[in-house]
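The structure under discussion appears below in the form of structure tokens.
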Amino acid sequence: MNDKALSQKAWLLIAVILVAGIVGVAWYSQTTKQAEERVLTISTTTSLYDTGLLEDAIAPAFKDATGIELHFIPKGTGAAIQDAMNGAADAIIVHARSKEIEFMENGYGVNRKIIAYNFFVIVGPENDPAGIKGLSPVEALKKIVEEGRKGNAIWVSRDDGSGTNTKEIALWEKAGYNYSEIKKESWFRNTGTGMGKTLNYCNNVRAYTLSDMGTYLKYRMDGLIDLAVLVDKGEELINIYAIIVVNPEKFNKDFDGAMELVKWLTSREGQKTIGEYGVERYGRQLFYPAVEVLEKKSGNIYHWIVKYGFIENNVWSECPAKYRYKADIKFFEAKMS
Amino acid sequence: MAWEYILDGIKQAVHLIVTADPDIIEITLRSIRVSGIATLMAALWSFPIGIMLGMHSFTGKNILKGFFNSLLGIPTVVLGLILYLMLVPFGPLGFLKLIYTEMGISFGQSLLITPIMISFIASSIEAVEGEIRELARTLGAGEIEASIAVMSESISGVLLAVIASFNRAIAELGIAIMIGGNIFVKGSALNTRVLTTAMQMYTARGEIDMAIALGIILLSIVFAVSTISNLIQSRLA
């Protein structure tokens with residue numbers, strides 16, 4: 001009885017010391033490191049995040065330049081905005097103008113800057129059962145509806161309130177369909193999730209979807225999908241990424257840090273980082289820097305960015321004057337006929 | 001293709017583990033730390049409650065027990081959502097600054113495993129309570145000594161409660177992703193990527209070898225912890 005009780009105690013002691021030791025050391029190393037770091041939390045879109053641009057290129061380069069660490073929380077544009085409205089982010093990087101305007105109108109966001117663009121593409125099976133290759137986006141969607149109703153094609157929507165989803169809804173409306181009606185039809189499927197997962201799903205069921213170019217290229221080049229780009233022409237497919245800083249009068253966030261990020265992203269170095277990302281690995285750019293195009297004030301892309309990315313307020317601007325706040329940076333404006 | 005793809009993934013996963021890929025090690029250590037702290041925190045309040053429930057009878061005891069039992073299977077995503085709403089800076093508990101931190105995940109997981117710990121502890125004590133107390137009394141023990149005797153007899157059940165709680169915590173995804181956010185910046189001390197969130201991300205990104213490697217590690221941890229607990233239990237018995 002005594003022996004047993006003794007060995008019981010010994011074993012228990014060993015177990016307790018083991019656990020306490022491991023956790024204690026881990027805890028200590030954690031808390032001592034934590035105090036030294038300045039961190040910005042950025043809510044962002046999955047389409048930008050899934051490519052690795054933010055984590056693999058922007059975060060390390062920005063940390064080298066400023067010592068500030070960036071934490072990205074990837075969600076759809078809608079959820080990213082909600083996150084910021086809940087006070088969880090210092091800034092957002094998103095791509096859905098209508099939602100961005102709403103965010104700023106409600107007083108949550110200031111100092112919007114356009115940082116990059118690329119294009120949305122309609123992708124689908126190589127053999128293209130609906131025969132949309134080379135059509136305009138609107139014609140292609142009409143064709144998909146027609147063939148879908150015949151049972152020859154499947155369309156997959158992200159349906160997650162993301163920027164890509166917002167663009168998709170706008171395209172459906174342009175083609176003359178009501179998104180909330182058409183999504184009830186049997187050939188129309190919703191994933192409710194990010195771009196990468198949606199592409200994987202499309203690949204499995206041989207379906208069509210709208211994707212941002214960056215995510216599509218990464219997945220295609222990594223051999224995860226064998227879908228083909230079928231529609232990539234048309235100005236309405238332009239995809240414009242902007243950063244918006246959280247209004248410091250709404251929440252006590254790191255406004256100065258967020259503004260440093262805005263400046264860095266629109267600086268020569270930041271724009272170079274964006275433009276060069278993926279070239280080595282995928283043989284082509286995933287994202288195009290926007291600042292240079294805006295400075296030149298000419299060319300097709302410039303006009304498309306103004307039309308699809310700027311906000312109208314007598315003059316078109318990337319950030320109308322009423323949404324600017326203590327910003328010592330330049331905002332682009334344009335007159336459109 | 002079918003099996004090659006999986007075998008290839010496993011091969012690369014083993015390579016990643018054997019070569020001690022630093023990212024994998026960091027994620028693994030974080031996972032153990034986060035869930036270890038969660039288990040300690042849960043133990044802090046679960047032990048007294050569990051012991052009280054197991055040893056004493058009082059009005060409302062069965063309701064209380066039923067309450068904890070019904071929480072045993074709470075879906076982690078539901079708890080994750082509730083915690084997200086509570087912990088965002090705008091939420092009622094926002095001032096704690098726990099969202100997107102390791103400590104936040106630990107806090108969430110500790111709530112998740114509290115019912116497990118309490119129920120396991122209470123029932124393991126109840127299982128021996130009557131008999132041992134009687135026995136101790138007949139041998140001339142006082143009230144407190146008898147209680148200590150009950151405790152030491154149910155020790156292996158209590159250990160099981162702690163192990164089961166840790167394993168549930170380290171294997172859950174819902175809270176880790178919603179409260180943690182799966183943040184990872186190389187070399188940062190404030191990351192929140194743990195084994196489960198990393199697995200789901202690598203699967204989504206199609207980086208299957210990393211996902212498999214993390215899966216193997218997660219399983220190994222769960223098995224190792226269970227084995228050690230079995231060993232200790234057999235020594236205690």
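Letters A, B, ... are given to chains in the order of the sequence lines, protein chains preceding strands, and every chain is numbered from 1.
With a threshold of 4.5 angstrom between heavy atoms, A:Thr41 approaches chain B through side-chain atoms but not through N, CA, C or O. Interface residue A:Tyr49: backbone and side-chain heavy atoms are both found under 4.5 Å from chain B. At a 4.5 Å heavy-atom cutoff, the contact between A:Ala59 and chain B is made by side-chain atoms alone. Looking at B:Tyr84, only its side chain comes within 4.5 Å of chain A, counting heavy atoms on both sides. Heavy atoms of A:Asn200 lying under 4.5 Å from chain B belong exclusively to its side chain.
Within 6.0 Å of the CD1 atom in B:Ile144, the count of heavy atoms belonging to other residues, nucleotides or ligands does not exceed 12. Within a 6.0 Å sphere centred on CG of A:Asn204, heavy atoms belonging to other residues, nucleotides or ligands number more than 12. More than 12 non-hydrogen atoms from other residues, nucleotides or ligands lie less than 6.0 angstrom from CD of A:Glu126. Annotation: A:Tyr282, atom OH; neighbour count of heavy atoms from other residues, nucleotides and ligands within 6.0 Å is above 12.
Between B:Pro89 and A:Gly87, the closest heavy-atom pair is CG-O, 2.6 Å. Between B:Asn182 and A:Glu55, the closest heavy-atom pair is O-OE2, 4.4 Å.
Of the listed residues A:Gly194, A:Gly52, A:Ala88, A:Pro60, the one with more heavy-atom pairs under 4.5 angstrom with chain B than any other is A:Ala88. The greatest number of non-hydrogen atom pairs below 4.5 Å with chain A, out of B:Ile208, B:Ile183, B:Thr203, B:Thr192, is found for B:Ile183.
Within the 4.5 Å cutoff, side-chain heavy atoms of A:Asp83 are placed close to those of B:Tyr100.
Identified by a heavy-atom distance below 4.5 Å to chain B, the contributing residues of residues 70-78 of chain A are A:Leu70, A:His71, A:Phe72, A:Ile73, A:Pro74, A:Lys75, in residue-number order.
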